[in-house]
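Okay, structure first, notes after.
Just so you know, ligand 1 is whichever comes first in the structure, and atom 1 is the first atom listed for that ligand. Here the structure is a predicted model, which is why all the values come from computation and not from measurement.
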Amino acid sequence: MSNRKCNFGAGPCTLPLEVLQQAQQEFVDFHGAGMSLIEMSHRSKEYDSVHSEAMSLAKDVFGTPDDFEILFLQGGATLQFAMVPMNFLKPDNVAAYVDSGSWASKAISDAKLYGNVYVAWDGSECNYTRMPADSELELRDGTRYLHITSNETIGGIRYADWPNAGVPMISDMSSDFMSRPIPWERFDLVYGGVQKNLAPSGMAVVFIRKNVIEELNQDIGAYLRYGIHAKSLSLYNTPPVFTIYMMLLVIRWMKGLGGLPVIERMADEKADVLYKVIDQSGGFFNCPIDEKYRSRMNIVFRLRGEELERKFLSEAGAAELIGLKGHRSVGGCRASCYNALPKACVDTLAQFMREFQRVNG
Ligand SMILES: *Cc1c(COP(=O)(O)O)cnc(C)c1O
């Protein structure tokens with residue numbers, strides 16, 4: 001397919017071409033069932049095999065230990081901002097949050113509606129250009145969990161080393177979901193919207209430690225309780241069938257490539273290409289992020305002045321390099337290089353950036 005653009009959008013994101021093609025081929029008549037997957041019962045044997053393989057393969061590829069349950073929930077990562085505190089917080093405990101940027105702030109403001117929440121580290125003081133060191137986290141007694149955002153999609157920062165805070169962690173991993181191994185023993189819960197690295201939109205995947213489920217609050221609506229979904233294997237109500245099916249195809253593709261170690265290396269290679277262009281541009285392109293904390297998924301950079309940025313974005317678009325505009329709240333440029341973005345697209349962008357500097361520098 002020769003007219004496929006390079007999609008650097010922050011989400012929804014590019015998906016592997018072979019996955020799209022397989023889905024297209026299987027779409028109208030799913031495996032000879034005489035109907036499509038999205039028309040049939042979510043209790044059918046055809047769908048059941050998709051659902052259970054998606055669960056087991058996601059855990060397999062992500063290296064999830066057996067003492068975690070995987071849940072498929074609607075409402076995206078945004079619903080998890082509320083669901084986490086609704087389930088975990090009680091009158092006699094508190095929750096710590098790292099304020100690392102736009103997404104963390106949203107998690108904090110929702111959590112405050114449901115319990116006692118405090119900010120253990122405030123990144124606004126360094127303009128959100130890095131993540132905290134463990135020694136900077138100010139944790140209080142009775143802290144039930146520390147909530148982190150593993151990768152800030154808008155600010156372009158990530159944890160290079162995972163915090164070791166001495167309390168169980170909960171992480172929003174939406175924008176670097178399944179792009180690198182994680183230290184599961186430090187987490188009680190991990191969640192992410194799937195539309196950045198794994199699938200089309202419509203779902204969050206939640207991994208929750210099995211032995212915490214019993215302690216969670218019961219006095220909330222059924223859909224909002226992790227325990228209900230765990231018990232019914234995410235079939236309490238009608239699940240987002242098409243999203244789960246697409247995620248299965250993507251995860252099979254990831255496994256076929258060699259799993260997380262290969263995915264992580266690919267991400268490093270892609271990000272390195274772009275940071276190198278930025279760092280070697282003598283300030284023509286500028287990335288304000290502390291080198292150690294630079295995101296491998298969302299590479300943010302600025303040019304000298306908004307007019308030049310507009311020209312850059314418009315010429316990039318004309319060269320079929322799309323989605324490079326920074327988030328509307330911060331401006332600038334952002335190249336999102338999720339798992340399925342081909343390395344060739346990154347190389348094309350690097351070449352385009354160098355040429356743009358040669359002409360405009
Ligand atoms: C995109 C994103 C979200 C929001 O995800 P939705 O699934 O759209 O609710 C939350 N957190 C992070 C880090 C994100 O990148």
For this session: Please determine if Gly193 has a nitrogen or oxygen closer than 3.5 Å to a nitrogen or oxygen of ligand 1.
Result: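 Not met; the criterion fails.
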Location of contacts on [X] toward ligand 1, heavy atoms closer than 4.0 Å:
{"X": "Thr78", "value": "both"}
{"X": "Asn151", "value": "backbone"}
{"X": "Phe177", "value": "neither"}
{"X": "Lys196", "value": "side chain"}

Q) Please state which protein non-hydrogen atom is closest to atom 15 (O) of ligand 1 and give its distance, to 0.1 Å? A)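 I find the closest protein heavy atom is Thr153 OG1, 2.4 Å.
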Considering non-hydrogen atoms of the protein only, which is the closest contact for atom 11 (N) of ligand 1, and what is the distance?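 Heavy-atom neighbour on the protein nearest atom 11 (N) of ligand 1: Asp172 OD2, 2.6 Å.
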Say you draw a straight line from [atom1] of [X] to [atom2] of [Y]; how long is it, rounded to the nearest 0.5 Å?
{"X": "Phe285", "Y": "Arg302", "atom1": "CZ", "atom2": "CZ", "result": "13.0 Å"}
{"X": "Leu249", "Y": "Ile244", "atom1": "CG", "atom2": "CD1", "result": "12.5 Å"}
{"X": "Met55", "Y": "Thr64", "atom1": "CE", "atom2": "OG1", "result": "12.0 Å"}
{"X": "Arg209", "Y": "Phe187", "atom1": "CZ", "atom2": "CZ", "result": "10.0 Å"}

Requested in this report: Report yes or no: is the cationic atom of Arg334 (NZ for Lys, CZ for Arg) under 6.0 Å from the centre of the six-membered ring of Phe301, at an angle within 45° of the ring normal?
Outcome: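 Here Arg334 fails the 6.0 Å and 45° test against Phe301.
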Check whether Trp103 forms a cation-pi arrangement with Lys196 (NZ or CZ under 6.0 Å from the six-membered ring centre, at most 45° off the ring normal).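 The answer is yes, since Lys196 meets both limits relative to Trp103.
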Distance filter under 4.0 Å to Gly76 heavy atoms, resulting ligand 1 atoms: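 Near Gly76, the atoms of ligand 1 are 7 (O), 9 (O).
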Open item on the list: Between ligand 1 and Gln195, can you find any atom pair, the residue atom being a heavy atom, that is separated by under 4.0 Å?
Closed with: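 So Gln195 counts as touching ligand 1.
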- Would you say Leu71 and Val190 are hydrophobically clustered, going by side-chain heavy atoms of ILVMFWY under 4.5 Å?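 No, it is not one cluster - the side chains of Leu71 and Val190 are not joined through contacts under 4.5 Å.
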